[in-house]
Every structure is written in C-alpha cells, then in structure tokens.
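Everything on this sheet refers to the single structure shown next.
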Amino acid sequence: MADDGQVHEKPLDQQEVLQQLKEVEKKLIDLRARWPFHSVQPRMVAEREDLEEERDRLLGILNVLGVVSD
C-alpha cells in the first residue's frame with residue numbers, strides 16, 4: 001500500500017468533545033472563583049485566555065458537528 005502523504009486524523013467523537021468542553025468549563029469556573037479583586041497575576045490572565053480559546057475551539061467543533069448553533 002502506497003503512502004499518499006495525507007495525514008489521517010481520528011474522526012471527531014462528539015462525546016469526547018463534549019467531555020473536553022465540560023472539563024474546560026469546570027477549570028474556568030474554578031479559576032474565576034480564585035480570581036482576586038486586585039493585583040491579578042499575569043499567569044492567571046494567561047490561563048484564562050488559554051481556557052477561553054480552548055472553549056471557543058471546542059464550541060466551533062461542536063458547531064461543525066451540528067451539536068450547538070451560534
């Protein structure tokens with residue numbers, strides 16, 4: 001069998017994506033609970049941004065799968 005040079009990715013599993021989204025949302029809730037009123041550490045801001053980006057990415061996947069709509 002010849003290699004056609006294409007990358008074969010694992011098919012998207014809706015349940016797996018939903019589970020990942022649930023974990024990201026859980027982490028965001030925890031982070032918000034620890035968020036100080038003053039003097040927020042840069043690492044917390046970066047963590048929030050990373051989690052929000054991951055949440056948006058997962059929601060985009062679910063949108064493509066037809067699970068959620070904008």
Side-chain angles (χ1 to χ4, degrees):
M1 179 161 91
D3 183 10
D4 58 8
Q6 293 180 350
V7 176
H8 298 284
E9 294 184 11
K10 178 181 159 190
L12 295 174
D13 178 9
Q14 175 180 327
Q15 293 301 321
E16 185 178 321
V17 175
L18 286 169
Q19 182 62 35
Q20 289 176 6
L21 179 60
K22 184 177 177 181
E23 289 298 317
V24 168
E25 290 288 350
K26 205 164 137 179
K27 289 177 182 180
L28 272 168
I29 290 169
D30 177 64
L31 181 63
R32 288 180 185 132
R34 296 182 287 117
W35 201 266
F37 288 108
H38 302 285
S39 304
V40 178
Q41 298 175 4
R43 68 174 178 76
M44 290 182 80
V45 174
E47 182 180 358
R48 185 193 71 204
E49 290 173 351
D50 290 345
L51 288 169
E52 288 173 345
E53 286 176 12
E54 180 65 5
R55 179 193 59 202
D56 292 345
R57 184 185 74 82
L58 293 168
L59 286 171
I61 291 170
L62 291 173
N63 190 24
V64 167
L65 293 174
V67 178
V68 295
S69 60
D70 290 335

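The figures here come from the full heavy-atom set of this structure, side chains too, leaving out hydrogens, waters and symmetry mates.
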Q: First locate atom CZ of R48, then atom CG of L51, and finally report the distance between them rounded to the nearest 0.5 Å.
A: 10.0 Å

**Q.** Straight-line distance of L21 CG to E16 CD, nearest 0.5 Å
**A.** 12.5 Å

Q.
The criterion is salt bridge (Lys or Arg N to Asp or Glu O under 4.0 Å); which residues satisfy it with R55, sequence neighbours excluded?
A. none

Please list every donor-acceptor pair under 3.5 Å in which a side-chain atom of residues 22-29 meets a protein atom from a residue at least two apart or in another chain.
unit_1, atom_1, unit_2, atom_2, d
E23, OE2, Q19, NE2, 3.4

Q: Report the distance from atom CG of L18 to atom CG of L62, rounding to the nearest 0.5 Å.
A: 5.0 Å

